[in-house]
Amino acid sequence: YGSTRPERILAEVKRKATRGDARSVVDTIDQYCRHQEWAMNVGDEKGTILDSIVCEVKPRAMLELGTYCGYSAVRIASLLPPNSRLITMEFNPVFAAIARQVIAWAGVEDKVVLIEGPSGDWIPKMKKEFGLTSFDLVFLDHWKDCYLPDTKLMEECGLLRTGSILVADNVICPGAPDYLEYVRGSPRYESKYFRSHLEYTTVEDGIEKSVFLG
Ligand SMILES: CCCNc1ncnc2c1ncn2[C@@H]1O[C@H](/C=C/CNC(=O)c2cc(-c3ccc(F)cc3)cc(O)c2O)[C@@H](O)[C@H]1O
Ligand SMILES: [Mg+2]
């Protein structure tokens, strides 16, 4: 009774993952969600694509929209160079509380800043609150109908510079058609689709990588 899926995922991490070992936290969540109960983490297959982009970009300042249980925050933070920061936004307090514990268990809390609140409120405050000029890399994995409005908001707030990269999960399933049309159609973006599968399934899904050209 009572326990939520994120709470069960956290319990599994505390039971099975090695404290301070980010990889074991990622692997524990993947095992649990593949064999016990599915959850909307970016997962191991798409996660590998995300890893390669993070390693290529070596972002100093990275933003994630939609923390959920903290799976991708842990995955990303474990690859960040020193003095780099991942800012991740989560507006559901229950999910934020779980994610904080998952991030702490993985031992990456010094690389992750979890902001509890809606992206629409916080994006306009980022520069002032965090002394940021722009983000090198943004991972979009929150409500799919918010990808486009939040991208436009980031543009308007001057949070994207020439070369900033947007990485969007689920552009096929559940899909973000208005976002895809925008980044693929706009002369201000160079977009590329990485075909993959919906986490822990054989259903097609993919990641869209879009470079902002300024
Ligand atoms: C104010 C709304 C916009 N701003 C926001 N600001 C901060 N956090 C936000 C957020 N929106 C949503 N969130 C949070 O992100 C998370 C939401 C993610 C939405 N993701 C999906 O719906 C999703 C769904 C699927 C999925 C695919 C197939 C299927 F049959 C069922 C589900 C797969 C995925 O990989 C997904 O990412 C939650 O933790 C939510 O609380
Ligand atoms: Mg997703």
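Remember, it's 1-based here, ligands and their atoms both numbered in the order they're listed.
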Note: Tyr200, heavy atoms under 4.0 Å from ligand 1, region reported as neither
Exercise for the section: Report yes or no: does Asp169 have an N/O/S atom closer than 2.8 Å to the Mg ion (ligand 2)? Expected result: yes
From the list Arg15, Lys14, Lys16, side chain to side chain contact (heavy atoms under 4.5 Å, CB included) with Thr28 holds only for Lys16
With heavy atoms and a 4.0 Å threshold, my read on which part of Leu198 contacts ligand 1 is side chain
Exercise. Check whether NZ of the Lys or CZ of the Arg Arg184 lies under 6.0 Å from the centre of the six-membered ring of Tyr193 and within 45 degrees of that ring's axis.
Key: yes
Exercise for the section: Could you say whether the N/O atoms of Gly120 and ligand 1 ever approach to under 3.5 Å? Expected result: no
| said: I'd like to know if the Mg ion (ligand 2) has an N/O/S atom from Met40 within less than 2.8 Å of it, counting both backbone and side-chain atoms. | reply: no
For Asn92, the ligand 1 atoms with a heavy-atom partner under 4.0 Å come out as 41 (O)
Requested in this report: Count the heavy atoms belonging to other residues, nucleotides or ligands that lie under 6.0 Å from CD of Glu181, then report whether that count exceeds 12.
Outcome: no
In short, Ala99 meets Gly70 closest at the heavy-atom pair CB-N, 3.9 Å
Lys152 to Tyr182, cation-pi by 6.0 Å centre distance and 45° axis angle:
yes
Out of Lys46, Met89, Lys144, Glu116, the nearest non-hydrogen contact to atom 20 (N) of ligand 1 is supplied by Lys144
Give yes or no for whether the N/O distance cutoff of 3.5 Å, strictly under, is met between Glu90 and ligand 1.
yes
ask   = Does any N/O atom on Asp141 come nearer than 3.5 Å to any N/O atom on ligand 1?
value = yes
protein heavy-atom neighbour closest to atom 15 (O) of ligand 1 works out as Gly66 CA, 3.3 Å
For OD1 in Asn170 and OD1 in Asp141, the angle at the Mg ion (ligand 2) (nearest 10°) is 90°
Note: Asp169, heavy atoms under 4.0 Å from ligand 1, region reported as side chain
Contact region, Asn170 to ligand 1, non-hydrogen atoms below 4.0 Å, reads side chain
Nearest non-hydrogen protein atom to atom 1 (C) of ligand 1, with distance, is Phe91 CE1, 3.6 Å
- Would you please indicate yes or no on a ring centroid separation below 6.0 angstrom for Tyr200 and His35? no
protein heavy-atom neighbour closest to atom 31 (C) of ligand 1 works out as Trp38 CH2, 4.1 Å
So for Phe95 against ligand 1, with non-hydrogen atoms under 4.0 Å, the contacting part is side chain
Shortest non-hydrogen pair, Glu7 vs Ser3, comes out as OE1-CA, 3.1 Å
### Query
Is atom 8 (N) of ligand 1 in close reach of the protein, with a heavy atom under 4.0 Å away?
yes
If you apply the rule side chain to side chain contact (heavy atoms under 4.5 Å, CB included), what do you find for Ile115 with Phe130, and how did you get there?
CA-CA 11 Å; Ile115 298 179; Phe130 292 90; 3.5 Å; yes
With heavy atoms and a 4.0 Å threshold, my read on which part of Cys146 contacts ligand 1 is side chain
When distances are taken from atom 2 (C) of ligand 1, the protein heavy atom at minimum range is Trp143 CD1, 3.7 Å
**Asked** Are the side chain of Asp136 and the backbone N or O of Ser164 linked by a donor-acceptor pair below 3.5 Å?
**Response** no
### atom 33 (C) of ligand 1 protein-contacted, heavy-atom criterion under 4.0 angstrom
yes
Practice item. Would you please test Ile165 and Tyr189 for side chain to side chain contact (heavy atoms under 4.5 Å, CB included) and show each step? Key: CA-CA 9 Å; Ile165 293 177; Tyr189 288 91; over 6 Å; no
shortest atom 24 (C) of ligand 1-to-protein heavy-atom contact is with Pro174 CG, 3.6 Å
* Charged N to carboxylate O under 4.0 angstrom, Arg34 versus Asp44? -> yes
For atom 4 (N) of ligand 1, the closest protein heavy atom turns out to be Ser119 OG, 2.8 Å
Rounded to the nearest 0.5 Å, the OG atom of Ser24 sits from the CD atom of Gln31 at a distance of 12.0 Å
In ligand 1, the atoms that come under 4.0 Å of a heavy atom of Gly117 are 6 (N), 7 (C)
